Amino acid sequence: MVATSLQELYNWGRKSSIWPLNFGLACCAIEMIATTMARYDLARFGAEVFRPSPRQADLMIVAGTVTKKMAPQVVRLYNQMAEPKYVISMGACAISGGPFKQGYNVLKGIDRYIPVDVFIPGCPPRPEALLDAFLMLQRKIDEQQLTGPGRPRHLQEEQPSEFVVPQYGQHDLTPTRNDAIWHAPLVNISNAGPNESGRD
Amino acid sequence: MPEMIDQIFVLLKQWIMGYVPSGLQPLCSAILSVLPILVVFPLLFAITTVLERKGLGRMQNRYGPNRAGPWGILQPAADGIKSLTKEDIVPRSADHLVHLLAPILIVIASFLVYSVVPVGRNMVVVDLNAGVLFFFAIGSMVELAVFMAGWSSRSKYSLLGAMRAIAQMISYEMPMVLSGVVAIMAAGSLSTVTIVNMQAGYTGIWPHWYLFTPWGITGYILFMIAATAESNRCPFDMPEGESEIIAGYFIEYSGFKFALFFVAEYLGMMASSAMAITLFLGGWAAPFSFLTWIPSWFWFFAKLILMLMVFIWIRGTLPRLRMDQLMNFGWKFMLPLSLINIVSAGLWHYLPSGFTRWSVISLLLLLSCFLLSRNLRRNKWFQERTYRFAS
Amino acid sequence: MTNHMYLPVIVLLIAGAAFAIGPLALAWVWAKKFSPQKAGPTKNAIYECGLESNGDAWIKFKPGYYLYAIIFLIFDVEAVFLLPFAVAFGGFTVAESVSMLVFLLLLVEGLVWAWQKNVLSWT
Amino acid sequence: MNLEEIKSQIEANVPGCSLEILPNASPSGQHSLLVDPEHALTVASFLRDGASPHFDYCSNVTGIDWPLKETSSKQKTKKIVDGVEKEVEELVKISTGNYLEVVYHLFSQENRQGPLVLRMRTGDRAERVHLPSLTPVWRSAEFQEREVYDLFGIVFDGHPDLRRLLMWEDFTDHPMRKDYVDPDDYEYEPTAHDEVLRRTQAHYAAQEALSGAEEAR
Amino acid sequence: MTLSFMLLAAIAILGAAAAMNLKTAVHCVLALTLGMVGLAALYLQLGAQFVGLTQVLVYVGAVAILAVFAIMLTRSRTGETLAPGSVSSRLSGALTALLVFAVLAWAILTGVSPQPLSGAQPEASVREVGVALMQRFVLPLEIIGVLLTAALIGAGVLAIEEKGGDR
Amino acid sequence: MLGDGIIKGLAETARNFFGSYVDKERLTTVQYPEERLPQIEGTRDFPFLVYDGDDWEKGLRCVSCHICEKECPPKCIFIEKSKDKKPDAVGKLQFYPVRFDIDVSVCMSCQICVEVCPFDAIKMDVEFELSSDDRFGGLLHHKDKLAKSNEYYHKIHPTEAAAVDAALAEEREKEKEKQKQAALAAAAAAAAKAAAAPASAPAAHVPVPAPGTNTDTSAKEETK
Amino acid sequence: MNSLSSYLLLSAVLFSIGLSGALIRRNAILVLIGIELMLNAANLNFIAFWRYGRHPEMLTGVMFVIFSIGVAAAEAAVGLSIIVAVYRHFRTTDLDKINFLKG
Amino acid sequence: MSVLTEVSIDTISQPANDHLHGDLLEISMGPHHPSTHGVFRMNIVLDGERVVKLKPVFGYLHRNHEKIAEHETYLGSMPYTDRLDYICSITNNWAYALAVEKLAGIPVPERAEYLRVITGELTRLQNHAGLIGFLLQDMGASGTPLMYAFREREKILDLFEALTGSRMMCNYMRFGGCRRDLPSGWMEHAQKVVDGFPRFLDEFERLLRTNEILMARTQGIGIVTREQAINAGISGPMARASGVNYDLRKVDKYGIYDRFSFRVPLGEHGDVYDRYMMRLLEMRESIEILKQAMRDLPSGPIMDPNTKIRNFRPKAGEAYGRIEAPKGELGFYLISDGGPNPYRYRVRPPSLINLTLLEQMCLGHNVSDVVIILGSVDIVLGEVDR
Ligand code: SF4
Ligand code: SF4
Ligand code: SF4
């Protein structure tokens, strides 16, 4: 009884006071800013306190293209945030490199280096889509357990709280992905790409 | 009956004290006087944060927090719970002990100043003979705490922020003290209670607040500006200037330690406002003689909240100054003006009362204000401009 | 008795300390019980805009800050003399007030000097 | 403004420089002036200060990669085969390119004219990639030349601060060159095409060796 | 010898001792402030409220800040040794101090005759201080005014040279 | 005098503060999950496939011509063409996609696929609440998720859908006409050839132009 | 031991600590701090004597301390300025080194 | 290559009269910094708070736009141009369309030209409004000016959404015209927005134009003289703040700009205040243009009928097309080899080149000035790094 209400209180507190990191990367950041503005007003959820220092922020909205040059900084910022911390990957670029995924300097998804809680597709996602994702994150937080094996990562002692910061290499970042958290799903090859007969 | 309500807390305390064995009486009395402060002001802090966020929202055509609890009033509670359960990070290279002590010290200092604030008739923790001095002396501890915070973090931005903060605080502490001196001269006491009592009378329906004298209003405005600077509020929030030095001296603080800085900032702001109310706005005295039936503590808090609203209003409007301008303003405008204000308060005392004294002193103050501000503006880079157009 | 007079202040001091330390202790307990602290090399490094910070922050600082502190110190002491004067001001003769004015003017002279020497302009 | 006139102006004032007008077939009609690198700086200063109109504004600086391109075409030549003169069709290899080029778009703000398109070419694409920097003449070239250096690998002599502009310092390639191969990081592409598909499949083949294929859909 | 005296004395001594022994200059200043606050509290306890608060205002609010600035200003890039000097100089210094203390303690313990409190608890109210200041101590006041101005200008001159380099 | 500009500014914020209680202009917030902005007709978010009729598998207009796949700038469409054919929206026999995937984690909502599709088979949706915590499964939209009915299309883009329907109807008419002509011709030919042989189902014999050839496209572009 | 002598004793302790610091520390700023400490020890004496003296109403001790604080502040300002100025010349605040450099 | 060694800030020698200064403090502002408008970084060396050296570091948003465009069709690059200067997608479209039209010699119907002017000027309005909001945000105003600016911006974005389907990434122009004609009711709506806009400007001016703090903060800061501005290739409002009378709408008269009467405001001092005022004044002129264009909008086709959308292959050749984008001269330099995709595709980004003088502008100023100087340049990282 006490444990559940404690858990409820904990979850309620966390979800009602998610302070995002003041952090924008590209076009999506403009929509992120628009979300905090009068018409959409992220402040209604208590989340307008954009903290410029990662120490005081709870949520990192990766809004925009993560280039390879920027990726180490993003990971370092994430590492420097205090637990519990969440990541919303906003926009096509942050999820997968998006329209720029063919670029040599574009990271194909920030989830290669840090764990992401919610992905928002869109280029850029509408402010409402960000709000929707934010609500989704709140729901996720609400479902988290304080104890037991199902408890979230930040409550588990053995789970890492910081991840490998990639280094600049001669041609690419090293490592190109963090294998501990990112696994490409296995896909049947014949389905992975168009078979030649299907093309004209 | 109005007296009853007015003194309800005092009576309550006396009633409780009646049940306490006499050996414990002093301690109990102390605890009972301290307890309300510990409850009321943090609560007020919480309310102020919501008010600020909602007020700013309204100024900016939006609602502000309205989801946590009814109308969002539980927002601070959520923030508190969140901060409490957040990880506490101390940078490796930081000075751990000082890093820990800084937020504690700043909160202690912010609380201590409330011991001399009279929040109502007969409602003050201690009526110190040198109450105002106590206020300033304890207030100056904040500077040290800020320095400790910025220095111990060993981050470049925090150090910059701390240096800015100290430079700013020491520059505005003088005007703050000196502008308070006029009220002390008039009241003839450093005791906050006496100062308020001196202002509690009425002429007709008009109160005897020091605000309603030329030197009083000057002093009040100077005091408020200095108080804004002391509590690092906009437009003097350079020490934590987000857009410049990220978060200033508390950049490396996380979790509840950071929250403590937040608390201290608001407590400091409220304390300065409370002192301004005490010195110039008649403390708990009602604004009109026919309103004296409303309890004194109500008036105090009404005034306090009003002043906090002004702080919020200013924050919602103004951009911040630059460091050198801030220092210039402090040393070249505020300080001389507050000195002149002291002199004019002295003159006021020696001049015969009546219209002459009013006009002479007002003129003196206006003139010096004008001259000083002209001196500030006597700058090529401080002018309105007209533009040409090519077609 | 003096001691009793300061008792509330002491109580407030302790209470203020408790207000600060209590939650910190609570947070510590929470961290112990539920949410383990996870220190790490990057996490506990200095924040500098997402880059690795190089060079120490504890450097020799610019003298500009120092000048203000000197003037402030002098004026602080001045205030110390001014306050008792202000308290007793009501009973003073003009001559006594003038002597305070002279004191003030002496210091103002220092201020004017500093002003003119541009000590007061921040670079 | 006429390119011919400018050319003759330059020739009159900068002795020894060799200029060439490169015609542009597109409807834009922006023909360009090829300058030899040795005299480029002098020509540039002349264009800014001496020429009429003054080209005081250098708007755009960019590089172009022309890799060696061998086109072969059939040509009929007369040849003596077996002592008999015959018309023989022969495959003639024409190789073009194999140089890097910088293009400057100059305008005159004073007379509101332009663009004057100035080009310089390097000797080849590997060794002789040095060109004079025009930043001393037009400050606006500073970042753009750095960018060209970064992306194309043209080294501008006389540039005040020639570092990579966009990529990190340890990066060794010049990605805007036509023969640049970008790093292979297509481990996963749900809708892969062409080259990307090939690479993705390679990754999957490696993965499949590890475990049984599993439907991700 | 009340409890409060013991406590405050302990704080003062602790602060002073720490100020003289810590390795980091900033720590020393912070410790000094602690000692000063302890002293100020002792003044309060002795009924000299105004003096006690002045002590806090001047030492914590101003002198400590100034000292901290001076430290920040004189930090050398190479880092500096704050450790006390050689063993011999340390020893001689400590011995001298001890000797002085012994003499003082002896004088106090033998020389001070037990004196009754003169009448009631004296209170130095601010008003009295003010009256005394303006009536009996006018001359010292003006002198201190001159002194302060001189100090301001003197320190300023030293500092302006400092600043001259910027121009 | 120092401060009048500041006071003007303060007055402005005060006006907005009090205005927010009375004036809609000064309180522009739309409280999203409960309130929504009115749908703007032209809005585009992600593409979807239009189908006619009730059965989405049968009614898909897409003929798997791979044009959109090739033109999509970030290459986020993947189509697998069927081996067999079935009649399409206009009634012609066409291939259909056995697999049609759009990776919305890449799609940049540029609408180029819509522009180039000669068959009005792919259109832009207004659905934006697609957030997911499943990186790989949640954001790769397959045919079943992409297929939306023509009625839905009418609901979200009424004007555009009406125009498309009109164009399609016209084409259908044309097609019918053509088929009729062909049938007539066939019938005539058949009649002329030999009255003995009974006319078998003529439509099945109509030669179908290869999908994806540009003949349709150019016609399409002119109508646009 | 009576109250007065305990205060005096405390003052003596503080004085000795300050003295030892002033003698032992090599950093000029810390030496100055030591001197400050000694001065304050003396102030404590004045207050104690005023408090337990024969004529507390004369306020002499208190006034003395107030002036003493003023002087101490002036001393600190000038002293620290001199240290900074010296630092400017010798690049160090280490008194031994300063002596050495001078000699 | 020896030149590759970085000229690191660490190698800056201490000034000779070292003892007269404090130590130099080297900090990096950005790439994660609240006021670098994205992932821009400046390595700053501070003496106290005064900037003695500043080196911008680019590339944190280098998205390889040019390389990608070499593999895309001409049409396929159009949506990518939206993402260059992601605040003003329409003007980017326009510049690109203009360059392609030059390259291939495509005429544009009159109505389309008008639509381009209307949308382009609306873009300028929302860009400038946003910019002054951001500038004041950098100056420390807690969001209020930015909120007001975005309130107006949202109205314009609504117009864009109704016309082009997207709020930010309009992808509106095509070679030889525009993609979509005005939907019904759009014009009335737009008229309302444009008519209401001066109200916002008045409000904004009341809020801040004569504000003492703003004047004190911005005047005399980050001065660029006329000659420097020209030589450094600075364009757009920033150049005009320095008194350079060079507005491509007047110089090139591209599109149909010679049909509108409007004025070009010019500054004298070239400081931050002038740059701020340039934007305010330009907005008023844009409103004038908008009013004229909306009044005169003719009917007719919006696309050149002979232009192909797919399989567009211009003849071999090259062209440089430029327009006056809100941030300055935005140029596209295209080389065609006759294939379906450009052989070389180059963007001349105004933001990047306007930063050329950043160090010079900031030297000797305060850290706080650096952020507003940067803010007044009006950069968008998508364009700076491409
Ligand atoms: S997803 Fe689109 S809008 Fe967002 S950053 Fe990438 S390109 Fe820009
Ligand atoms: S272009 Fe149209 S018909 Fe062709 S594959 Fe794409 S959606 Fe289907
Ligand atoms: S909208 Fe653009 S990116 Fe998305 S599928 Fe269509 S063509 Fe591709």
Side-chain angles (χ1 to χ4, degrees), chain A residues 27 35 37-45 88-102 108-109 111-112 115-137 139-140 182-185 187 190-195 197-200, chain F residues 16 20 25-37 43 45-46 64-67 69-70 72-83 95 97-99 101-110 126-141 210-213:
Chain A
C27 355
T35 315
M37 292 295 150
R39 186 184 285 186
Y40 303 100
D41 197 15
L42 191 59
R44 290 177 291 127
F45 307 95
I88 288 183
S89 175
M90 179 185 185
C93 288
I95 304 176
S96 68
F100 296 97
K101 65 171 180 177
Q102 303 151 47
K108 284 149 195 68
D111 57 336
R112 287 177 183 230
V116 177
D117 294 283
V118 181
F119 299 90
I120 321 171
C123 182
R126 300 178 62 84
E128 287 103 328
L130 178 56
L131 287 176
D132 179 55
F134 190 82
L135 292 172
M136 182 166 176
L137 180 67
R139 280 195 300 275
K140 270 187 87 165
W182 194 84
H183 313 275
V187 183
S190 68
N191 282 345
N195 43 9
S197 64
R199 319 199 97 210
D200 52 0
Chain F
N16 272 288
S20 73
E25 268 280 283
R26 299 215 190 270
L27 184 63
T28 49
T29 309
V30 179
Q31 305 215 45
Y32 160 68
E34 297 88 28
E35 296 169 31
R36 275 157 198 264
L37 286 168
T43 306
D45 274 292
F46 293 105
S64 198
C65 68
H66 288 291
I67 290 178
E69 188 190 42
K70 265 184 261 156
C72 169
K75 307 272 179 285
C76 65
I77 304 180
F78 170 62
I79 301 170
E80 224 169 287
K81 193 196 271 186
S82 65
K83 299 272 185 313
F95 292 106
V98 282
R99 181 169 163 188
D101 291 349
I102 293 182
D103 188 358
V104 292
S105 75
V106 173
C107 172
M108 61 166 158
S109 311
C110 65
V126 293
E127 169 81 41
F128 55 81
E129 285 147 327
L130 296 169
S131 302
S132 159
D133 50 4
D134 178 2
R135 158 78 172 85
F136 296 112
L139 299 175
L140 183 65
H141 288 184
T213 50

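Here the structure is a predicted model, which means the values were calculated and not measured.
A distance-only check finds a donor-acceptor pair linking the side chain of A/S96 to the backbone of F/S105 [under 3.5 Å]. For F/T29 (side chain) and A/A38 (main-chain N/O), a donor-acceptor pair under 3.5 Å exists by modelled atom type.
Rounding to the nearest 0.5 Å gives a distance of 9.0 Å between NZ of A/K101 and NZ of F/K75. Here the CG-CZ distance, from F/L130 to A/F119, works out to 14.0 Å after rounding to the nearest 0.5 Å. The CG atom of A/L137 sits 10.5 Å away from the OG atom of F/S131 when rounded to the nearest 0.5 Å. Within the model, atoms CG of A/D111 and CZ of F/F136 stand 5.5 Å from one another, a figure rounded to the nearest 0.5 Å. Here CZ of A/R126 is found 10.5 Å from OG of F/S109. Values are rounded to the nearest 0.5 Å.
Residue contact with chain F, scored on non-hydrogen atoms closer than 4.5 Å, is absent for A/P125. For chain F, the nearby parts of A/R39 are the backbone and the side chain; heavy atoms of each come within less than 4.5 Å. Residue A/F134 does not touch chain F at all, counting heavy-atom pairs closer than 4.5 Å. At a 4.5 Å heavy-atom cutoff, the contact between A/Q102 and chain F is made by side-chain atoms alone. Residue A/L131 touches chain F through both its backbone and its side chain, counting heavy-atom pairs closer than 4.5 Å.
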Inset, instruction - Walk me through it: do A/L42 and F/Y32 pass the test side-chain contact (heavy atoms from CB on, under 4.5 Å)? - result: CA-CA 9 Å; A/L42 191 59; F/Y32 160 68; over 6 Å; no
Inset, instruction - Run the numbers on A/I120 and F/F128 for side-chain contact (heavy atoms from CB on, under 4.5 Å), then give the verdict. - result: CA-CA 9 Å; A/I120 321 171; F/F128 55 81; over 6 Å; no
